[in-house]
Student: 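Before I ask anything, here is the structure I am working with.
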Amino acid sequence: MGNPLPFWSWKIWFSSFFFGFSLLCILVSGRCLEDQKLLLLEFKRGLSFDPQTDSTNKLLSWSSTTDCCSWDGVTCDPRTGHVISLDISSSFITGGINGSSSLFDLQRLQHLNLANNSLYSSPFPSGFDRLFSLTHLNLSYSGFSGHIPLEISSLKMLVSLDLSASPLVAPIQLRRANLEKLVKNLTNLEELYLGGIDISVADWGPILSTLFNLRILSLPDCHVAGPIHSSLSKLQLLTHLNLDGNDLSSEVPDFLTNFSSLQYLHLSSCGLYGRVPEKIFLMPSLCFLDVSGNSNLTGSLPEFPPSSQLKVIKISGTRFSGKLPDSINNLAVLEDLELSGCSFFGSIPSSFGNLTELINIDFSRNNFSGSLPSFASSNKVISLKFAHNSFTGTIPLSYGDQLISLQVLDLRNNWLQGIIPKSLYTKQSIESLLLGQNKFHGQLEKFQNASSLSLREMDFSQNKLQGLVPESIFQIKGLNVLRLSSNNFSGFITLEMFKDLRELGTLELSENNFSFNVSGSNSNMFPKIGTLKLSSCKITEFPNFLRNQTNLFHLDLSNNRIKGEIPNWTWNVGDGKLVHLNLSHNMLEAFEKPGPNLTSTFLAVLDLHSNMLQGSFPIPPASIIFLDYSENKFTTNIPYNIGNYINYAVFFSLASNNLSGGIPLSLCNAFDLQVLDLSDNHLTGSIPSCLVSSNILKVLKLRNNEFLGTVPQVIGNECSLRTLDLSQNHLAVLVLQSNNYDGSIKDTQTANAFALLQIIDISSNNFSGNLPARWFQSWRGMKKRTKESQESQILKFVYLELSNLYYQDSVTLMNKGLSMELAKILTIFTSIDVSNNQFEGEIPEMLGDFDALLVLNMSNNNFKGQIPATLGNLKELGSLDLSHNQLSGKIPEKLATLNFLSVLKLSQNLLVGEIPRGPQFATFTAASFEGNAGLCGFPLPKACQNALPPVEQTTKDKEGSDGTGMVIGITLGVVVSNEIIKKRRKVHRSISSGHALRRNL
């Protein structure tokens, strides 16, 4: 036996052997088999695709002169040279894959990916059963349509199957029997993606629960129904479960918390309700949770343990509430927290800002308060959204100085104040800076290098900013949205200042102290502008640059000083795209001859009110939704066929013109009309019955015309009127049951007549007869409702929802002898005015049920009998006028308990006895009771026998009422007393104190 080789010799031999073996492997793997190449080339020749679409198309590298194993998307077995993986996803393939394709002869294929192509006219091919070695098959969003080939079920080695599709592009159905057959033999399946496929199968859970090896189950937008079956609990290996966008209509099942390996749980927008088990947030392996978009889902955030693995929490658009727990700082790996549109409140724990992995935060549309967290340790933050809350204080300096990755900052609609840090709007990373609807003040500072900034969107609107706008803002070349409206900016603006803003799509400069010189004919100005709002910019002429705009769809030139004619080219602005045009509050007098032909436009909103336009008004286009011609000098009759042009209109006003004639019956064809205002004209004739029987119309205002006769008798059970104003006409009969021309109001058998009315004004007519008690039974709008949000307390009607535009009702009421226009009406504002008629009989006791009533005026009629004691139940009542009637008896003692009563008129009746005593009654003067010979006691000079001394007014009472009646305005622009305002939450902050806006367009 020879001597063994030394160690170094073995080392050389082993290295040589390894090198040779590796070289052999390289040679083999570097050359695909010839038959494999031929099959691939034949497959390519049969395909339809556009080689010019994208230079990165994988198929462009497939050439007969190169090794097929080096082609893009092709992977070979390094030992045998067979093609084992083919990925031609996103290759712009439009056709050529069918059962005869050589693709299905690549029998060693293990991975096949045809995803994201455009095979929209191609049915699923047959032949998949020939690819018996497949472990991964991805046909997602390939465009195949028709029936899913059930031969896929024979691929027993399949580990991953993705058949996801877009239901709008390639609708695919998978019924129960086919679903069962498809998965029957796929016992090795670990990943199943069926997103977008219509699986209307009731027992989908039990069928899929047989796939015990499943780790990923993805069924978004599959029309699967709930509840989530407990049989899914058999899938104990699940790490991903996605049921987004289905209609589960059930509660979140407790058994989901038993999945010990679950990491990703997607349950967004799937009709879930009830309370989310807190244990879900505490699952030890869970890192992604999305239950957003379930509007009936409730819950709160639990106390989080230090070991939590949660990276993403999305609960936006649910009814989650409560405060953020202090333990939120235990979410050490948290990256994304989205809570928008919930009911969270309170301050944000300061420790939350210490989380270091945060990237995206969205707390918008909640009730958070206090100061903003600094996030000084969170230098990975990209997006911060705190809009529509009640945050106070200033913007932390760390937002501009330390958050080096910040791209989106949305702080709109809060109570923030102070100076806007220069470091924010000069930050290189910031793309969207939204600070509108706050209380920021001061001037914006000048800055350098504006052209290098990344800003795309800047919203500083509705603040208290002042001074000149820095010219550097007009040098941010990539700026797409610029909103500076409703501030105190001053100075001169010229078109030349915008020459560098070639990307600008939205420009809003309204409601400032600008003087905008629009002179010039630069046809290249604003090449991409879509929204242009220049209200109150002291513009004196139609901007000539508008002639050549091809993308403009929203134009507001209201509240300017434009005189003369509206040029005909105005109607062609935007090259047919214009949908919103507001020229109101100018000094326009006429339309350029031959007059506009609006029927060929696509206008949805046209506002010409408060001008001096004369003659006939233009017929609107069929696309109109909001049409306001009010407060002009239009004459002649309303066209008989006007209703045929406003089929889709929600708002239509011709108020305050010089129109005559009757109301055309064609208005009955305006089936979507919610607001109709024809008041303050010279209209005559009768009122069409369809206007009061509509279940859509909410505001009907016909005041101050010359209507005669009766109010129509057809009142539907679902009558939706909330404001009815028939005052100052010559109406004599209001009939709610049958037409009896006896001058009286008849009782109604209609259970829900005028159920939603909040304001009814039939004053200053010739109505007579009794007020039947049953008339008031269905008026739910006069009664208290559950607590409503600040936004919902405004009586407003959306007329263009996608644009977030709405009409806010206004109505003129008589109170204290004054005519007052209530320009913003709270849903809590309720009023009944039947004054200045010839009503008689007793005042119905049922009025005492209207516990939300604020104003009751029944003066100047012929009411008799006693004042109902039930009126003492109207605890919110601020104004009561029963003067100039024939009421008798004593004043009910309960009236003295109405603490908010600031207007009381009982004069000129037949009342007797002692005036009740109380702190509020002590504030009224003798004028409230004069003309009642039988009354005595304070404040009348006539003393009563055995009278007690007058009640002393406390300091608090003196501060609460000045004895002059109700207060107009007070934040809301509504006639409500100070005391009433104190009882309710502050609403709609955009209305300044005592300032009533007629509309907010």
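We're numbering straight along the sequence, starting at 1.
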Student: Listed by chain and number, what are the salt bridge (Lys or Arg N to Asp or Glu O under 4.0 Å) partners of Lys528, not counting sequence neighbours?
Tutor: Glu503

Student: Going through the distances and angles, do Gln407 and Ser429 end up as a side chain to side chain donor-acceptor pair (under 3.5 Å)?
Tutor: CA-CA 5 Å; Gln407 297 178 12; Ser429 64; over 6 Å; no

Student: Taking Asn560 for the side chain and Lys538 for the main chain, is one N or O donor matched with an acceptor at less than 3.5 Å?
Tutor: yes

Student: Name all pairs fulfilling the salt bridge (Lys or Arg N to Asp or Glu O under 4.0 Å) condition that reach into residues 401-416, sequence neighbours left out, sorted by first residue then second.
Tutor: Asp410-Arg412

Student: Excluding sequence neighbours, so at least two apart, what forms salt bridge (Lys or Arg N to Asp or Glu O under 4.0 Å) with Glu445?
Tutor: none

Student: Say you draw a straight line from CG of Leu334 to CG of Asn329; how long is it, rounded to the nearest 0.5 Å?
Tutor: 11.0 Å

Student: Please report the closest heavy-atom contact between Cys270 and Gly245, naming both atoms and the distance.
Tutor: CB-N, 4.2 Å

Student: How would you list, by chain and number, every residue that makes a side chain to side chain donor-acceptor pair (under 3.5 Å) with Thr426, sequence neighbours excluded?
Tutor: none

Student: Picking from Phe345, Phe352, Phe391, what satisfies ring-ring contact (aromatic ring centres under 6.0 Å, His included) with Phe363?
Tutor: Phe352

Student: If only atom types and distance count, is the side chain of Asn512 paired as donor or acceptor with the main-chain N or O of Asn487 below 3.5 Å?
Tutor: yes

Student: For Gly370, is there any backbone N or O sitting under 3.5 Å from a side-chain donor or acceptor partner on Ser347?
Tutor: no

Student: Taking only residues two or more places apart in sequence or in another chain, which ones pass side chain to side chain donor-acceptor pair (under 3.5 Å) with Gln309?
Tutor: none

Student: Quick one: side chain to side chain donor-acceptor pair (under 3.5 Å) partners of Glu508, sequence neighbours excluded?
Tutor: Arg483

Student: Are there more than 12 heavy atoms of other residues, nucleotides or ligands under 6.0 Å from atom CG of Asn488?
Tutor: yes

Student: Look at the side chain of Asn517 and the backbone N and O of Thr494, then say whether any donor-acceptor pair between them is shorter than 3.5 Å.
Tutor: no

Student: For residues 295-306, dump all side-chain donor-acceptor pairs below 3.5 Å to protein atoms at least two apart in sequence or in another chain.
Tutor:
{"unit_1": "Thr298", "atom_1": "OG1", "unit_2": "Gly274", "atom_2": "O", "d": "3.2"}
{"unit_1": "Ser300", "atom_1": "OG", "unit_2": "Arg275", "atom_2": "NH2", "d": "2.9"}
{"unit_1": "Ser300", "atom_1": "OG", "unit_2": "Glu278", "atom_2": "OE2", "d": "3.4"}
{"unit_1": "Glu303", "atom_1": "OE1", "unit_2": "Ser327", "atom_2": "OG", "d": "2.7"}

Student: Determine the interplanar angle of the Tyr425 and Phe460 rings, folded into 0 to 90°, and report it as parallel if under 30°, tilted if 30 to 60°, perpendicular if over 60°.
Tutor: perpendicular

Student: Is there a donor-acceptor pair closer than 3.5 Å between any side-chain N or O of Lys464 and the backbone N or O of Gln417?
Tutor: no

Student: For Ile562, is there any backbone N or O sitting under 3.5 Å from a side-chain donor or acceptor partner on Asn586?
Tutor: yes

Student: Give a yes-or-no answer on whether the side chains of Glu457 and Ser432 include a donor-acceptor pair shorter than 3.5 Å.
Tutor: yes

Student: Please identify each residue that fulfils side chain to side chain donor-acceptor pair (under 3.5 Å) with Ser269, with sequence neighbours left out.
Tutor: none

Student: Show every side-chain hydrogen bond (donor to acceptor under 3.5 Å, both in side chains) that has at least one partner inside residues 314-323, sequence neighbours left out.
Tutor: Ser316-Ser340

Student: Please find out if less than 6.0 Å separates the ring center of Phe526 from that of Phe498.
Tutor: yes

Student: Where the side chain of Asn389 meets the backbone of Asn367, is there a donor-acceptor pair that is under 3.5 Å apart?
Tutor: yes

Student: Do Asn330 and Ser308 meet the criterion of a side-chain donor-acceptor pair at a distance under 3.5 Å?
Tutor: no

Student: Under the 3.5 angstrom rule, does the side chain of Asn366 hit a backbone N or O of Phe344 as a donor-acceptor pair?
Tutor: yes

Student: With rounding to the nearest 0.5 angstrom, report the CZ to CE distance, Phe474 to Met497.
Tutor: 4.0 Å

Student: Determine the sole option in Ser510, Ser486, Ser584, Ser558 for which the side chain to side chain donor-acceptor pair (under 3.5 Å) test with Ser535 is passed.
Tutor: Ser558

Student: If I take atom CG from residue Leu248 and atom CG from residue Leu267, how far apart are they, to the nearest 0.5 angstrom?
Tutor: 7.5 Å

Student: Among pairs that include at least one residue of residues 466-476, which meet side-chain hydrogen bond (donor to acceptor under 3.5 Å, both in side chains), considering only residues two or more places apart or in two chains?
Tutor: none

Student: Applying ring pair (Phe, Tyr, Trp, His ring centres under 6.0 Å), name anything that partners Phe288, two or more places apart in sequence or on another chain.
Tutor: Tyr264, His266

Student: Please state whether the rings of His585 and His609 are parallel, tilted or perpendicular, taking 30° and 60° as the class boundaries.
Tutor: perpendicular

Student: Within the side chain of Asn294, is there an N or O that forms a donor-acceptor pair under 3.5 Å with the backbone of Leu272?
Tutor: yes

Student: What donor-acceptor contacts under 3.5 angstrom involve side-chain atoms of residues 372-386, with partners at least two apart or in another chain?
Tutor:
{"unit_1": "Ser374", "atom_1": "OG", "unit_2": "Ala376", "atom_2": "N", "d": "3.4"}
{"unit_1": "Ser378", "atom_1": "OG", "unit_2": "Gly353", "atom_2": "O", "d": "3.4"}
{"unit_1": "Ser378", "atom_1": "OG", "unit_2": "Leu355", "atom_2": "O", "d": "2.4"}
{"unit_1": "Lys380", "atom_1": "NZ", "unit_2": "Glu357", "atom_2": "OE1", "d": "2.6"}
{"unit_1": "Lys380", "atom_1": "NZ", "unit_2": "Glu357", "atom_2": "OE2", "d": "3.4"}
{"unit_1": "Ser383", "atom_1": "OG", "unit_2": "Asn360", "atom_2": "OD1", "d": "3.3"}

